[in-house]
Amino acid sequence: MKSNLPDELRRSGDVPADVPAGLARVSPRLDRIARRIHWLDTTGSTNDVAARLADLGVEEGTIVVAEAQTAGRGRHGRTWFSPPGAGLYVSIVLKPASAAPLITLASGVAIAEGIRAATALPVELKWPNDIIFERRKLGGVLTESSAQPGARPQVVVGFGVNIQATAYPSELAARATSIESETGRPVDRGLILAEILAAFAGRYADLRSGKFDAILSAWRRLAPTFTGSPVEWDGPGGVMRGRVLDIDREGALLVRVGDTVERIVAGEVRWRSS
Ligand code: BTN
């Protein structure tokens, strides 16, 4: 088995000193999450490493963390800016019994809950799972799945959280922020990671036991300013405009456009000023 491990994992180092204390505080709540941790200095994308580990048969809940990524991926084919010392870059290997459509929403909920628990910063959600503070993004989730015929689906949930202020590329500078920029003080990275993982374990347990309403209600509670906002998005016939109404039971976004309600299942919506 060892010789089949990706090169980065054969070189992977110990968990850094600021992490074990946080994990110890939440350990009764971690369930199957983070029993095995691979901590890397630098890798291309932690999602790729986690997917290779999933192929090798690692246990569910295994996590891959990197101090920096050279090819971090975001949603919609974007790059996720992942310099050293600025953020958390984490991927979790999951093997759900069946495809779990609400995993995307549940992941965002868990990250927001974890950040709130560790820092008291009242972060919110923007559909489907951007972590925001006052309309600036400080975290995001990229969920990637693969399924072999007859086998359990393999899902990698990758999340990035901006912890410290950094020199964002110009196209991000006006839209991005970090936890420390907003709290105005240093925060405990290990505790943030631990609280996110513990919240994730709880929300993943909700999913497995069919408590979908709990996830949807939590999402709504964490998106108080997004709900009701004027938004726009790219529809098949051009830019569409409306006002956010709610999410439905499948996690799709419902937007009021005049007298009708549009249902958005994928893609991105942008805020409009009015
Ligand atoms: C988004 O666009 O909002 C999703 C960003 C997800 C970034 C994380 S960082 C860890 C993991 N590895 C990646 O390459 N992407 C995700």
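Residue numbers start at 1 and run along the sequence shown. Whatever order the structure lists ligands and atoms in, that order sets their numbers, starting from 1. What you are looking at is a predicted structure, and each value in this text was computed from that prediction instead of being measured.
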Mind jotting down which protein residues get a heavy-atom contact under 4.0 Å with ligand 1? Chain and number order, please. Ser45, Thr46, Asn47, Gln69, Gly72, Arg73, Gly74, Arg75, Trp80, Tyr89, Val90, Ser91, Asp130, Lys137, Gly140, Val141, Leu142, Gly158, Phe159, Gly160
Within residues 149-176 or reaching into it, pairs that qualify as salt bridge (Lys or Arg N to Asp or Glu O under 4.0 Å) - sequence neighbours excluded: none
Tell me, which pairs form a salt bridge (Lys or Arg N to Asp or Glu O under 4.0 Å) where one or both residues lie in residues 207-229, sequence neighbours left out? Asp31-Arg208, Asp213-Arg249, Arg220-Asp246
Do Ile264 and Trp271 land in one hydrophobic cluster if side-chain heavy atoms of ILVMFWY residues count as linked below 4.5 Å? yes
If you group Ile, Leu, Val, Met, Phe, Trp and Tyr by side-chain heavy-atom gaps below 4.5 Å, do Ile163 and Trp80 land in one group? no
Note, Arg241 side chain near Pro230 side chain (heavy atom, < 4.5 Å): no
For Glu262, side-chain hydrogen bond (donor to acceptor under 3.5 Å, both in side chains) partners two or more places apart: none
